[in-house]
Structures are given as structure tokens and as C-alpha cells.
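Ligands are counted one by one from 1 in listed order, and the atoms in each one are counted from 1 as well.
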Amino acid sequence: MSNHLFEALTAFIPDMDKPFLTSAEGEVTSYRAMMARSAQFAGALGKLGVQPGDRVAVQVEKTPEALMLYLATIRAGAIFLPLNTAYTPAEIDYFINDAEPAVFVCDPARADALAETAQKAGARLETLDAAGEGSLRTLADTMPDQYETQPRDADDLAAILYTSGTTGRSKGAMLSHENLASNSRTLVKVWRFSEDDVLLHALPIFHTHGLFVATNCLMMAGGSMLFLPKFDLDTVLECLPQATSMMGVPTFYSRLLGSEAFTRDLVSHMRLFISGSAPLSAEVHKDFSKRTGHMILERYGMTETNMNTSNPYDGDRRPGTVGFPLPGVGLRIADATTGRVVEQGEVGIIEVKGPNVFQGYWRMPEKTAQEFRTDGYFITGDMGRIDTGGYVSIVGRSKDLIISGGFNVYPAEVEALLDEVPGVAESAVIGVPHPDFGEAVVAVLAMRSGASVDEETVQAALQDKLAKFKQPKKVHLLDSLPRNTMGKIQKNALREQFRADFA
Ligand code: AMP
């Protein structure tokens with residue numbers, strides 16, 4: 001038996017001397033160096049007592065070494081467990097207790113605050129900082145640059161990623177070697193990644209988007225990455241001329257559009273821009289194509305399922321949609337309560353099935369059972385519809401659905417119209433408690449710089465376009481909308497902020 005995922009990732013290395021990644025400082029890690037460094041880190045994990053099946057939890061800044069640690073964990077047959085760098089020690093305590101990793105790697109600046117947490121859970125605490133230095137690095141430097149990669153099966157776990165847990169406790173989604181390998185294989189094909197690709201990588205690597213979609217795809221294709229620690233507008237503008245492709249969250253694209261230096265000439269050589277993790281507004285999509293001539297390719301996925309749908313590489317990339325189910329992915333729209341498949345074009349809950357779908361939530365068999373239908377479909381919690389052309393659109397998370405006076409209001413429909421109001425940069429539509437209606441529709445807007453709008457203008461713009469019950473009963477203006485690091489608007493924070501609007 002081989003190591004299912006690592007073998008898939010390294011099956012096609014066109015040239016060992018070719019750059020695997022180039023850092024922001026221009027430092028190149030060749031494929032040969034990647035093999036050697038990941039061998040050393042795998043050796044270090046072994047030295048620390050990590051056995052196949054153990055968890056290796058990691059909360060560190062994005063560096064080439066952190067990526068080597070991911071590959072090393074896979075090579076050691078262990079389970080990679082990345083944690084958002086924004087989590088506080090109090091939050092980390094929950095994850096470490098829940099996952100019981102053999103080793104926990106954190107930033108040296110946090111080692112003191114996290115020592116007790118690690119000790120309680122029986123985890124060895126090691127460090128790695130933003131320069132790729134730390135106790136783990138020091139140990140890895142002493143290890144041989146050859147390593148006998150541990151055998152792992154298609155069904156063995158490769159990673160546990162905790163969901164953001166906006167409602168209730170955060171859950172650890174267990175992903176197998178084949179969950180990850182099969183999805184990357186599909187994406188390389190449908191997005192035509194090849195050894196000629198240089199991906200601009202400015203996403204975090206504690207999340208499925210930057211870790212699996214971006215890294216695994218490029219590796220499997222034998223391409224290269226410009227590996228930036230984060231999205232910094234000036235650095236990205238500087239690096240774009242060397243890239244062929246880019247993956248980003250929608251805010252990356254709106255920030256690029258906000259710069260005059262982002263011109264058609266700068267990106268005329270690019271092959272592909274991909275967006276996901278949060279809805280790309282049709283406005284940004286259209287502005288982007290007007291400015292650059294490129295149609296952004298929007299796709300849809302989640303931690304539990306990897307990628308589910310994608311707009312086509314060839315053919316019409318439709319703004320406001322997430323395209324078609326990927327080959328091998330079954331996708332249907334069902335009634336949230338009865339589970340019955342709805343009529344064509346109707347809104348319901350999106351359910352998916354395929355080799356991409358996770359193995360369940362870590363140590364939560366009951367929660368896992370609740371989220372699967374008996375025929376194996378996973379209930380995503382996203383509401384959507386499929387149009388006559390087969391394109392899937394997302395209308396919002398089911399928990400963001402607003403029920404006002406007994407009628408369903410899908411935030412995405414209202415937001416799309418609000419985004420068209422002159423001066424509006426972005427919008428979020430939420431439901432807040434209302435004495436008569438149960439919930440009332442409230443619009444929260446962030447304006448473009450220098451622009452302003454009054455409530456009447458907003459109401460007038462929607463008046464003829466939306467049924468009365470969908471129209472906001474109140475409009476708030478904020479300087480910016482609260483977002484998490486993946487660019488998702490934090491609607492629960494907004495609901496909290498405006499919960500007394502009609503009290
Ligand atoms: P995460 O597990 O953090 O990747 O979040 C997954 C969720 O992000 C999905 O369940 C969707 O609600 C949302 N999402 C991802 N991609 C898109 C997209 N292209 N459009 C709208 N929502 C998206």
C-alpha cells in the first residue's frame with residue numbers, strides 16, 4: 001500500500017529543479033527541496049512520537065515551512081489539523097481538547113499562553129513563527145532529507161478541519177485521503193491546470209480554499225505557486241505579471257478593482273481568475289470583466305465537501321451563479337423539512353453526494369447522522385436553486401433565511417438589488433425580531449468612499465422590483481461590513497447589533 005494522497009500529489013513532477021513555490025521575497029523552493037524539507041519535517045514528527053492516525057494540530061502563520069509541515073503530516077500518515085490564526089487561546093483550548101493531537105505547533109509568541117492547554121490534552125507543544133523558525137524547524141533541520149512515506153489507504157483520514165461554528169459548537173470535519181485526492185483530480189481537469197501554471201496564492205492555508213483547492217491542485221498539476229503570506233494589494237499587483245492564474249475570495253477582487261493600477265494590460269496574459277468561499281456579487285463580476293476582459297470563474301464548496309460546483313471553463317460563466325455540479329458530484333435541491341426533491345427552479349436546501357464528501361464530524365456520530373439523508377446525501381445547509389440551463393445559484397445559508405409575516409425572504413435576492421443602488425459598495429440583508437412579523441427584513445449597507453445615500457432612495461430603488469414583504473423595513477449604513485478572514489460577512493454579528501431595531 002502506498003500513501004494515497006501524497007502519491008497522488010507527487011505523481012506528476014515535471015522537473016525536480018522546477019519551482020514548487022516562490023516566496024514573496026523571491027526565495028524559491030524547488031520540487032526537490034519540497035521533497036527534502038517535507039522529509040525532514042516528517043522525520044521530526046516521528047521523533048516527537050507521532051504515529052499514523054495521530055492528529056497534528058497547527059496554528060501558525062502562513063510560510064513555506066508551514067506548508068512543508070502539512071505535507072510532512074500526510075507523509076507521516078498522521079492527520080493534519082490546521083487552526084485559524086485569528087483564534088484566541090481560549091478558543092484553541094476547545095479544539096485541542098476535542099482533537100487530542102499528539103503534537104500541537106503554535107507561534108512562539110503564544111507558547112506560554114497555550115502550554116497548559118497542550119499539557120492537559122497530552123500534546124507535545126512545538127513552535128514555528130512567521131519567519132519559519134522555531135523549535136520544530138530546529139528539530140527538522142537535524143533530520144535526514146529522505147523519508148520513507150508511511151502507507152495510507154484511500155479511506156484513511158488526511159485532515160480534520162473545524163467548521164467556523166457560527167451556530168453552536170464548532171465541528172471537526174474529517175476528510176479522507178480520497179476526499180482530497182479525488183476533488184483535486186477533478187478540479188485540475190475542469191480548470192485545466194498544467195505544469196505551465198503559476199498560481200498567485202494569497203489565501204490562508206488553515207482553510208480548505210488555500211490549503212486544498214489551491215495547493216493540492218497546483219501540486220497535482222506539477223505547476224508552481226507565488227506563495228504570499230497574505231493578500232496585500234501592492235504585493236499582489238507586483239506579482240500578477242508573473243502569475244498565470246489566481247484563486248481568491250470575492251474581497252480580493254473588489255480590492256483589486258479599487259486600485260487604479262489594476263488595469264487590463266496588467267492581467268492581459270492571465271489564464272484564469274477563480275472566486276469562492278463567499279458570494280461574488282454580480283456587480284463585482286461585471287466590473288471585473290469590464291476592466292480586464294476576464295470573466296471570473298465562480299465555484300462553490302465547503303469544508304465538509306471540498307468543491308461541489310463550478311462555472312464552466314469554456315462557455316458562459318454566469319454572474320450570480322456557481323455553475324454546474326462537478327463531474328462525479330450528485331447535487332439536488334430538497335425541501336428542508338420533508339427532504340423531498342423540489343420542482344425545477346424552486347428554492348430548497350442543497351444536498352450533495354460524491355467522493356468529495358467528508359467522513360463525518362469528529363467524535364459527533366449523532367450530529368453526523370442528522371446531516372446525512374439515508375441515501376447518503378449530505379445536507380449542506382445552503383439554500384439554492386437550479387435554473388433551466390442547469391446553473392446552480394445560492395440564495396443564502398438556511399440559517400440566514402428570513403421569515404417575515406410567514407413569507408420566506410432570501411437575502412441574496414434583496415442584496416443583488418441593493419448592490420445596484422448607486423454608491424452602494426456592498427450589502428447584507430438580515431432578519432431581526434419584530435413584534436408583528438416575527439422577523440423583519442433589515443438592510444445593512446457599506447457605501448463606496450465619498451458616496452452616501454438616504455433610506456428613502458434605497459426604498460424607492462426597490463419599490464417596483466420586490467414584493468412588499470421582501471423590502472427592508474430599516475436601512476443601516478456602516479463604514480464596512482464585518483467579515484471573517486475568508487471574506488464571509490458575519491451576519492450573526494449584524495443580527496446581534498441590530499436585534500433591538502423593532503423592540
Ligand atoms: P467554509 O466551510 O468555510 O468553506 O464555508 C462554506 C460556505 O461558504 C458554504 O456552505 C456557502 O455557504 C459559502 N460559499 C462558498 N462558496 C460560495 C459561493 N461561490 N457563493 C456563495 N456562497 C459560497
How about Asp375: does its CG atom have over 12 heavy atoms from other parts shown lying under 6.0 Å from it? yes
Please list, in number order, the atoms of ligand 1 under 4.0 Å from a heavy atom of His207. 1 (P), 3 (O), 4 (O)
Ligand-residue contact atoms, ligand 1 with Val322, heavy atoms, under 4.0 Å: 18 (C), 19 (N), 20 (N)
Heavy atoms only: which of Arg397, Lys399, Arg299 lies closest to atom 19 (N) of ligand 1? Arg299
Considering Gly381, Gly276, Pro279, which one's heavy-atom position lies nearest to atom 22 (N) of ligand 1? Pro279
Lys/Arg N to Asp/Glu carboxylate O, Arg495 vs Asp501, below 4.0 Å: no
Which ring pair (Phe, Tyr, Trp, His ring centres under 6.0 Å) pairs, counting each pair once, include a residue from residues 300-330, with sequence neighbours left out? Phe324-Tyr391
With the threshold set at 4.0 Å, does a side-chain nitrogen-carboxylate oxygen contact exist between Glu351 and Arg373? yes
Suppose we screen for side-chain hydrogen bond (donor to acceptor under 3.5 Å, both in side chains). Which residues come up paired with Ser427, at least two apart in sequence or across chains? Asp419
Considering all heavy atoms, the nearest Phe104-Gln59 contact: CE1-N, 4.0 Å
I want to know if ligand 1 touches Thr208 in the polar sense, i.e. an N/O pair below 3.5 angstrom. no
Close side-chain approach of Tyr361 and Glu366, heavy atoms under 4.5 Å: no
Carefully, step by step, assess Arg483 and Thr251 under the rule side-chain contact (heavy atoms from CB on, under 4.5 Å). CA-CA 10 Å; Arg483 288 180 186 278; Thr251 35; 3.4 Å; yes
Where does Ala278 meet ligand 1, judged by heavy-atom distances below 4.0 Å: at the side chain, the backbone, both, or neither? backbone
Numbered atoms of ligand 1 (with element) below 4.0 Å of Thr303, judged on heavy atoms: 1 (P), 2 (O), 3 (O), 4 (O)
If we only consider heavy atoms of Lys488, is any one of them less than 4.0 Å away from an atom in ligand 1? yes
Test of proximity, Thr380 against ligand 1: N or O pairs below 3.5 Å: no
Short list, please: which atoms of ligand 1 are under 4.0 Å from a heavy atom of Glu298? 18 (C), 19 (N), 20 (N)
Regarding atom 15 (C) of ligand 1: of the candidates Gly396, Ser310, Gly301, which has the closest heavy atom? Gly301
